[in-house]
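No hydrogens, no waters, no symmetry mates; every other heavy atom, side chains included, goes into these values. Nothing fancy with the numbering, it's 1 onward along the sequence.
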Amino acid sequence: MARKSLIQREKKRLKLEQKYHLIRRSSKKEISKVPSLSDKWEIHGKLQSPPRNSAPTRLHRRCFSTGRPRANYRDFGLSGHILREMVHACLLPGATRSSW
């Protein structure tokens, strides 16, 4: 189980990303439309003004049940060892068992 503080930090980052999403998208559209380089630099400065934690690249996918940040499967939202345990317990229909 991941520490509660790390999970809460991820939730805070997700809220920030959703809050500043439209500002980032509109700034990027403006940069592509403006022909002069000096105007692009000004818009780029505005793009850097939101907090760093509002960037979508700072978000991590976490396991739904344990909160583990690594070895996650996007289709299931689970980490590898939890997924394996669920397959062995026959909780995921259509998945085949394997051992490693």
Taking side-chain hydrogen bond (donor to acceptor under 3.5 Å, both in side chains) as the definition, give me every residue that meets it alongside Q8, ordered by chain and number, with sequence neighbours left out. none

Nearest heavy-atom contact between C63 and S79 is SG-N, 3.3 Å

By salt bridge (charged side-chain N to carboxylate O under 4.0 Å, His left out), which residues pair with E10, not counting sequence neighbours? R13

Running the 4.5 Å side-chain criterion over Ile, Leu, Val, Met, Phe, Trp and Tyr, what cluster does L37 land in, apart from itself? W41

Provide the closest heavy-atom pair for G67 versus I7 in the form atom of the first, atom of the second, distance. CA-CD1, 4.3 Å

Can you tell me how far CG of N72 sits from CZ of R74, rounded to the nearest 0.5 angstrom? 10.0 Å

Residues two or more places apart in sequence or in another chain: which of them pass side-chain contact (heavy atoms from CB on, under 4.5 Å) with K19? none

Remaining members of the apolar cluster that contains L59, side-chain heavy atoms under 4.5 Å: L14

What residues form a salt bridge (charged side-chain N to carboxylate O under 4.0 Å, His left out) with R62, not counting sequence neighbours? none

Write out all pairs satisfying side-chain hydrogen bond (donor to acceptor under 3.5 Å, both in side chains) with one or both partners inside residues 20-37, taking only residues at least two apart or from two chains. R24-S54, S36-D39

Separation between CG of L83 and CG of L91, rounded to the nearest 0.5 Å: 10.5 Å

Holding to side-chain contact (heavy atoms from CB on, under 4.5 Å), I want the full list of residues that pass it with A71, two or more places apart in sequence or in another chain. R68

My understanding is that only residues two or more places apart in sequence, or in another chain, count here; which of them pass side-chain hydrogen bond (donor to acceptor under 3.5 Å, both in side chains) with H44? Q48

Using side-chain contact (heavy atoms from CB on, under 4.5 Å) as the criterion, list what pairs up with F64, not counting sequence neighbours. L78

Enter the distance from T57:OG1 to E17:CD here, rounded to the nearest 0.5 Å. 9.5 Å

Should side-chain heavy atoms under 4.5 Å link Ile, Leu, Val, Met, Phe, Trp and Tyr, which residues sit in the same cluster as I31? V34, I43, L47

